[in-house]
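To start, the structure itself, in structure tokens.
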Amino acid sequence: MNAESEVLLEVRDLKKHFPVRGGVFGRVSGQVRAVDGVSFSLRRGTTLGLVGESGSGKTTVGRTVLGLHAKTAGQVLFQGRDVHALGTAQLKALRPRMQLVFQYPYGSLNPRLRVGDAIGEALLEHGMAAAADVRERVLEVMHICGLASYHYERYPHEFSGGQLQRIGIARALALKPDLIVADEPVSALDVSIQAQIINLFSDLKEEQGVTFLFISHDLAVVEHLCDDIAVMYLGVIVERAPRDALFAHPLHPYTEALLSAIPLADPDAPRQRIVLQGELPSPAQPPDGCRFHGRCPRAQAACAQVEPSLRDLGDGHFVACHLHGAL
Ligand SMILES: Nc1ncnc2c1ncn2[C@@H]1O[C@H](COP(=O)(O)OP(=O)(O)OP(=O)(O)O)[C@@H](O)[C@H]1O
Ligand SMILES: [Mg+2]
């Protein structure tokens, strides 16, 4: 097996439910099924985009994969090791190899720490560089991330949103991680800056061989970066496919609706926008049958009764929909 095909991360039927507390005594009155049976694998050096509307469970998948949330059920295997079965010390040792990049990097930076020191902090904490070598490594990742050497001495408030995101990425990259989970890393940025940061991710993937789980509510953002795309709806993956197949032949009506919202470059070939009715149902009480059936323009009687499983249609294309033989 060559390095390219090595499975770095394997997620098996992962569930994360949060208790809902209510009443005067704060008793548990239900469960929010934020992630309700998610499976995927990620090969080294590839990027998986995880998309879906707000509240579909994307962040919860990312955090549970990294062991930042305790799981409810299922398994997360990182290089074959069960992340949730590790002891505190073992998990701490694994931490540098799995990094998280946030939507709002300012919130995770200490305002009183020079950014060079903030980027180097974790290197020292994990004993990954001698104090004398930290500056050199920090300057190297700053350069890779498009930051200038003189930025080292500056403080977070002196940077723009796009530069702060470069700092957040540099901080993750300094540890030479195998996996970066990027949670909406460009959603807070202007469109023109978004493209620059996406290009940076693309370079990191090509030149540094970093493996990404890239979370976004916007399919257009993941299009150029991701090898594969998984579409989430109410705690489950409804479709997963190689990028080109997903864009050219979406099979799930929810994916079709998401794609129809992306403006096309060619104004002579207008796309029919599919506007979904209704709101995302509560993940504390997901509908019976297919979770999407109440909003699906193509729902049939069976869709309200039986939950479709994610079916392998070959060539890496998976879909959970009765229209595609899931019964
Ligand atoms: N710590 C928590 N306690 C209770 N419920 C939570 C917690 N974190 C998330 N949830 C709930 O789980 C569901 C999924 O949330 P999550 O943040 O994973 O969605 P998301 O897809 O990342 O959404 P967004 O695009 O808005 O970031 C939501 O209903 C949310 O309210
Ligand atoms: Mg989120």
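In listed order, ligands and their atoms are each counted from 1.
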Discussion item. Here's one to test your reading of the geometry: is the NZ or CZ of Arg135 within 45 degrees of the ring axis of Tyr152 and under 6.0 Å from its centre?
Written reply: yes

Worksheet item: Under 6.0 Å between ring centres, would you say that holds for Tyr233 and His252?
Response: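 That pair fails the under 6.0 Å test.
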
Worksheet entry | pair Gln305-His293: side-chain heavy atoms closer than 4.5 Å | no

Worksheet item: Do the side chains of Leu91 and Val83 get nearer than 4.5 Å, heavy atoms only?
Response: yes

Discussion item. For the residue pair Asp244 / His249, report whether a side-chain donor-acceptor contact shorter than 3.5 Å exists.
Written reply: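 Asp244 and His249 do not have a side-chain donor-acceptor pair below 3.5 Å.
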
Fill in: Salt bridge Glu256-Arg298, side-chain N to carboxylate O under 4.0 Å
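Judged by the 4.0 Å cut-off on N to carboxylate O distance, Glu256 and Arg298 do form a salt bridge.
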
Listed pairs under 3.5 Å, donor-acceptor, residues 163-170 side chains, sequence neighbours left out:
unit_1 : atom_1 : unit_2 : atom_2 : d
Gln163 : OE1    : Ser160 : N      : 3.1
Gln163 : OE1    : Ser160 : OG     : 3.3
Gln165 : NE2    : Phe102 : O      : 2.8
Gln165 : NE2    : Pro185 : O      : 2.8
Arg166 : NH1    : Cys145 : O      : 3.0
Arg166 : NH2    : Gln196 : OE1    : 3.4

Response to the item:
With a cut-off of 2.8 Å, strictly less than, protein N/O/S atoms near the Mg ion (ligand 2) add up to 1

Practice prompt. Step by step, work out the side chain to side chain contact (heavy atoms under 4.5 Å, CB included) result for Leu175 and Leu123.
Written response: CA-CA 6 Å; Leu175 298 166; Leu123 280 171; 4.1 Å; yes

In residues 224-231, what donor-acceptor pairs under 3.5 Å come from side-chain atoms, sequence neighbours left out?
unit_1 : atom_1 : unit_2 : atom_2 : d
Asp227 : OD1    : Lys205 : NZ     : 3.2
Asp227 : OD2    : Thr47  : N      : 2.7
Asp227 : OD2    : Lys205 : NZ     : 3.1

Item to complete: Select all protein residues for which some heavy-atom-to-ligand 1 distance is less than 4.0 Å, and list them by chain and number.
Response: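 Protein residues near ligand 1 are Phe18, Val32, Ala34, Glu53, Ser54, Gly55, Ser56, Gly57, Lys58, Thr59, Thr60, Glu184, Pro283.
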
